[in-house]
Every structure is written in C-alpha cells, then in structure tokens.
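Indexing begins at 1, ligand by ligand and atom by atom, following the structure's order. When a residue number appears, it is its place in the shown sequence, counting from 1.
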Amino acid sequence: TSAGVIGAPFSRGQPRGGVERAPDLIRAAGLLTRLREQGCAVKDYGNVVFEDLEDDEPPGLVKRVRAVGSATRRLSEAVQAVKRDGHTTVMLGGDHSLAIGSIHGHAAAVGHLSVVWVDAHADINTPLSSYTGNIHGQSMSYLLHELQPKMPALPSFSWIRPCVWARDLVYVGLRDVDPAEHYILKLLGVKVFSMREVDQLGVARVMEETCDYLTARGKKPIHLSYDIDAIDPSVTPATGTPVAGGLSYREGVYIAEHLGQTGLLSAVDLVEVNPLRGQTEEAVQSTVSTAVDLLLACFGRRRGGNHPPEYRLP
Ligand SMILES: N[C@@H](CC/C=C/[B-](O)(O)O)C(=O)O
Ligand SMILES: [Mn+2]
Ligand SMILES: [Mn+2]
C-alpha cells in the first residue's frame, strides 16, 4: 500500500482556534518516517492552502459557510488528485467539516464507496436542525443522497454532489447524539455501533459486524473518517468537543488495525486534534501520538510486531 498525505490546516467548521495546527504537529511527531519504517510508501502532498474568507455571509443558521464551502471544495480537488495517483489518502485535519471535501473527492475518484465514521458525535445535523450552526456537526448531511430533500440551498455548497447512500454508512463510538440526529439515523436506518454496543458486543464483534454489513452487497472502497474525540478524553484530551466514556487506546487501535487488514481502506481522515485544548504539554503529546498510532495501525502496524518482507536473519 502507499499513502498520500494531505494536510488540511482548517478550523472554520467550528469556533475553537488551534485545530489548524494539527497537520504539522502530526508530521513533526514522525508520522511519515514511521509509515516508511513499517514498509509503507509515502508521498507528502503538503498542506492545502485555503482562502482567508471573512465571515461576511448573512448571519443566520450556518456559521462560516463561505469559508467552509471554499475549503471543502479545494480539499475535494486535492483528494481526487491523490486518489488519481493511486494512493490511499491520509487527510490530516483540521476540523471535521473537512470530511465534506475528503469524502466528496474520494467518491469523485472511485465512485461508489462505504464510510466508517468513528466519532463521539454523528455530525449529521442538517443546516436547519443544527442548534450550534457549526458545520463540523453537519458534515454527513451534505453528502447523503437521502437527506437532500431536507437541505436548504447554500450558494457556497452548490458544487457538492451527494455521494453516499445511508446503507453504506456505519458509525462507531457515538455517545453524544442530538435529538435531530437520532431522528435522522432512525429515519434513514443508518447502522450505528454506539458506545453501548461497544460495551455490549466488544470492539472485535463490532468491527466484524461492520465489515460484514458493508461488504454484504459487494466490496467497495472504504473511507474511514476518524474523529480523535472518539477516543476517551483521558487518552486524547486535546480536542474541541471531548465527551467522557470514549474508546480506549486499545479499542481505537483495534478499529484501525481491523479496517487496515481488509485491504479495502482507500481514504482516511484524522481530524479534530487541537493542541490549544490540552491543559498540559503531556496532554497535547498524548493526543498527537495517539493520532499517529491510529494512522500507523491503518497502514499495517501490528502490536504483535512487524518485519520487512525481505528481512533475513544475519
Ligand atoms: N452535535 C454538535 C457537536 C458537533 C461535533 C462535531 B465533531 O464530531 O466534529 O467534533 C453540533 O452539531 O454542534
Ligand atoms: Mn466529528
Ligand atoms: Mn466528534
């Protein structure tokens, strides 16, 4: 496998500054070197350059809609280019509104795909159901075919082609879902493994059922959108919307290992690391190193050990 790394230093899908610093922090923590050491070819496409748009959209429901519309369009084009080069894309966020662009670009490149959304939150509010107006809590609504009748026309988002069917979406780790989101998930029959199911079934069974569900109608490329706040805040506190009762480090790594070994993993987002939300340097380091470890697990790192295929004892 080969990884094409794209940095997306963007924060306007939510109100807390700092998340735009994460791409370079994750690189500085050694992601690319560690990927290469475990035998993964890596190409770094650098950071997407985003327009600096002021919030001049009319105040109303959706916040910073022009900035997010512009940024996600640019990211969509960048992801498409990396997929055309034949890599599995690694999108380093930045906030989770970026997934609008990464999933859109991925679908433009590969067509029909599955989405595994690992997150404490469902991020599926429509602009009209959102109580915060923050687009990082709305990302999936712009992409799902079945929700389009309920979406207002937003000029900055007119470029988006819905590209995900509800039956091709699975959530893992939910524990802070808004009433409107819960209504949508039930209405659309979306497969959800909340933290209750993780407790009840265990992460191995959750991932087995996730993969069986997604491949039952034929294997499709998988887009893994990993929000670092899916992991328990005791492990990854440096994030914008922490919620107690999250995935352990081991469960988080297991999810990545399991999807990595399917051979279907075609794009990965790692979002919502925010160094300004860590109380101490150790808190930031723990969050960043966990993000790195999750990505290494996506690309074949095994806790039981790895060795290069060509290795021979001296
Ligand atoms: N449901 C809340 C929280 C959104 C959380 C977004 B996150 O998952 O990307 O952290 C909202 O709509 O604002
Ligand atoms: Mn999220
Ligand atoms: Mn979240």
Side-chain angles (χ1 to χ4, degrees), residues 8-20 22 60-65 67-68 71-72 75 91-103 115-144 147 150-152 164 169-185 190 192-195 198 223-247 251-252 255 267-278 287 290-291 294:
F10 184 73
S11 68
R12 315 293 295 284
Q14 52 83 60
R16 301 165 200 89
V19 67
E20 74 285 351
L61 306 155
V62 204
K63 293 175 181 158
R64 300 172 283 275
V65 64
V68 176
T72 49
L75 180 60
M91 188 278 282
L92 304 177
D95 71 69
H96 221 162
S97 66
L98 289 163
I100 297 168
S102 62
I103 294 173
V115 176
V116 179
W117 196 280
V118 183
D119 200 328
H121 312 92
D123 300 354
I124 199 170
N125 275 297
T126 72
L128 300 173
S129 78
S130 167
Y131 63 88
T132 63
N134 297 328
I135 298 178
H136 75 156
Q138 306 169 30
S139 305
M140 275 310 303
S141 77
Y142 298 93
L143 300 167
L144 280 167
L147 276 182
K150 290 295 182 183
M151 295 296 285
V164 181
L169 169 61
V170 175
Y171 282 99
V172 181
L174 298 189
R175 55 189 186 275
D176 182 9
V177 178
D178 301 339
E181 294 183 302
H182 186 254
Y183 173 82
I184 289 168
L185 294 172
V190 175
V192 172
F193 294 99
S194 73
M195 286 309 298
V198 173
H223 187 113
L224 169 60
S225 204
Y226 218 129
D227 186 327
I228 200 69
D229 72 29
I231 309 293
D232 191 87
S234 64
V235 179
T236 55
T239 189
T241 50
V243 185
L247 295 165
E251 289 168 330
I255 290 167
V268 185
D269 306 327
L270 196 295
V271 296
E272 297 282 357
V273 170
N274 185 338
L276 299 187
R277 299 280 295 182
T287 306
T290 300
L294 294 174

Task: Residue pair K63 / I135: nearest heavy atoms and the distance that separates them - done: O-CD1, 3.6 Å
Quick one: pull up [atom1] in [X] and [atom2] in [Y] and give me the separation to the nearest 0.5 Å.
| X | Y | atom1 | atom2 | result |
| --- | --- | --- | --- | --- |
| D227 | H121 | CG | NE2 | 7.5 Å |
| I124 | S130 | CD1 | OG | 13.0 Å |
| D269 | W117 | CG | CH2 | 7.0 Å |
| L247 | Y226 | CG | OH | 5.5 Å |

TODO: Check the side chains of D229 and T239 for a donor-acceptor pair under 3.5 angstrom, ignoring hydrogens and angles.
DONE: no
Task: Minimum-distance atom from the Mn ion (ligand 3) among N, O or S atoms of H121 - done: ND1
Open item on the list: Need one value: angle at the Mn ion (ligand 3), D119 atom OD1 versus D229 atom OD2, rounded to 10 degrees.
Closed with: 130°
Metal check, the Mn ion (ligand 2) vs [X] N/O/S, cut-off below 2.8 Å:
| X | value |
| --- | --- |
| D123 | yes |
| D227 | yes |
| H96 | yes |

Donor-acceptor pair, [X] side chain versus [Y] backbone, under 3.5 Å?
| X | Y | result |
| --- | --- | --- |
| Y171 | A122 | yes |
| Q138 | H136 | no |
| T126 | S129 | yes |

TODO: Select all protein residues for which some heavy-atom-to-ligand 1 distance is less than 4.0 Å, and list them by chain and number.
DONE: H96, D119, H121, D123, N125, Y131, T132, H136, G137, D178, E181, D227, D229, T241, E272
Open item on the list: So that I can check it, does any N, O or S atom in H136 come closer than 2.8 Å to the Mn ion (ligand 3)?
Closed with: no
